[in-house]
Amino acid sequence: MSKIPIWRRYARLWGPDPAADVDDELRFHLDAKIDDLVAQGWNPDAARIEAQRQFGDWKAVREVGERVGIQREKTIERGEFWGAFRQDLRYALRTLRKERGFTIVTVLILALGIAANTAVFSVVNTVLLRPLPFPEAGQLAWLAAGHEAYTKRGKNAGLSGVTYTVDAYEEFQRNNHSFQQITAYNPFFGNNDYTLTGSGEPQPVSGVMVAGNFLPMLGVEPLLGRNFSKEECQKGGPRAALLSYSFWQNQFGGDPAIVGQGITLSKQPMTVAGVLPPTFDFGGVFAPGTKMDV
Amino acid sequence: MTQLELIRGTLDVLILKALAWGPLHGYAITNLIRRQTDDALLVEEGTLYPALWRLESKKLLEAEWGLSENNRKAKYYRLTAEGRRHLRQETKAWEAYSIAVGKMLGATRPPVAEEG
């Protein structure tokens, strides 16, 4: 075998070409055979025809060659890719082992960064990103007052600065044209404002007062029983309460017979109108983190 | 001598053997096999080249481009270490096989029944 001609180095400058390689190889075979036939005394044209006849199905062989060649190129490329990858990986690990201090600091920074991101995202996801768990949540709006009297004084007015009185709320309801419905709840509640008596030990209970159309407007259907009736929403009307699902489970053992019975909350007798579904969590939606029992 | 049909599975070992003396291109391999077997075995192009490429893929051969005797670029095949090992194994297996077949076909009498 003679030396590899110099141009061969550049023949595949733009990547390997298995098809062309196969062509070159088979053409050489044909030419060599023609040469031999001519040397035996054949006339060149006849020699070419004879060589082609002997060769048989040129196209079929070519296709096999191309397929095999492409496969081989792929294997080589894959091998080179993973070889280089392994080299890089080993180099990186070696360097990291050598520079232990740097490694520790880097890992710490990464860990802190990831932790901080995770923490921030969990909060942002629940508070800002996750849609409110109500039907057509996009149509809900929050009305917040900006009472001039407070803002002018430049004081932090707390809840009073951004809420409306019951009179104002009723006025809104009467003259409402912009919203399908307006509802309200009493935001001035605290933890364990109420006391449940009458069934064993007195129990502290957290509760919030809501307007009569509060639950229907949000599309919340009681799991058991009914919503507040019209009379129950009138001032001085009969008192009624809806139990939260978890309070119902913990305090009354999930007894469905509780619906319609009377309980005593802070010495006020009231009727249990129904039980709210587990999906509705006042504390989780309006005041995240606050637990609401009734 | 009359032409013989190539028995399946023997082409690979014939190619490996043809390359035992050094790198050759495909055309030279057919010539070598034909001359060595006194024209009894004629390897057709349609089977030779696919077999070469298959052996190359299995890493029993490696290929390199070079110039032929009359200055044409040709693809030369060379045995790899693995190919050489394979050739030795196959040669042994083939010889054992050929002796066994020869014994059987050359038999002139039924074998003596073994005492059981």
pair B:Glu45-A:Val61: side-chain heavy atoms closer than 4.5 Å:
no
Kindly indicate whether the side chain of A:Asp35, heavy atoms from C-beta on, has any atom under 4.5 Å from the side chain of B:Arg72.
yes
For the interface with chain B, which of A:Gln71, A:His29, A:Arg67 has the highest count of heavy-atom pairs at distances below 4.5 Å?
A:His29
Quick one: what part of A:Leu30 sits under 4.5 Å from any heavy atom of chain B, side chain, backbone, both or neither?
neither
B:Trp53 and A:Gly65 have their tightest heavy-atom pair at CZ3-CA, 3.0 Å
Choice from A:Asp57, A:Thr75, A:Asp31 maximising heavy atom contacts with chain B below 4.5 Å:
A:Asp31
Should the heavy atoms of other residues, nucleotides or ligands under 6.0 Å from CD of B:Glu44 be counted, would the total exceed 12?
no
Check whether any side-chain heavy atom of A:Arg62 sits under 4.5 Å from a side-chain heavy atom of B:Tyr49, and report yes or no.
no
Heavy-atom side-chain contact between A:Asp21 and B:Trp65 under 4.5 Å:
yes
Report the distance from atom CD of A:Gln54 to atom CG of B:Leu42, rounding to the nearest 0.5 Å.
7.5 Å
Taking side chain as C-beta onward, heavy atoms only, is B:Tyr27 less than 4.5 Å from A:Lys33?
yes
Side chain / backbone / both / neither for A:Ala60 at chain B, heavy atoms under 4.5 Å
neither
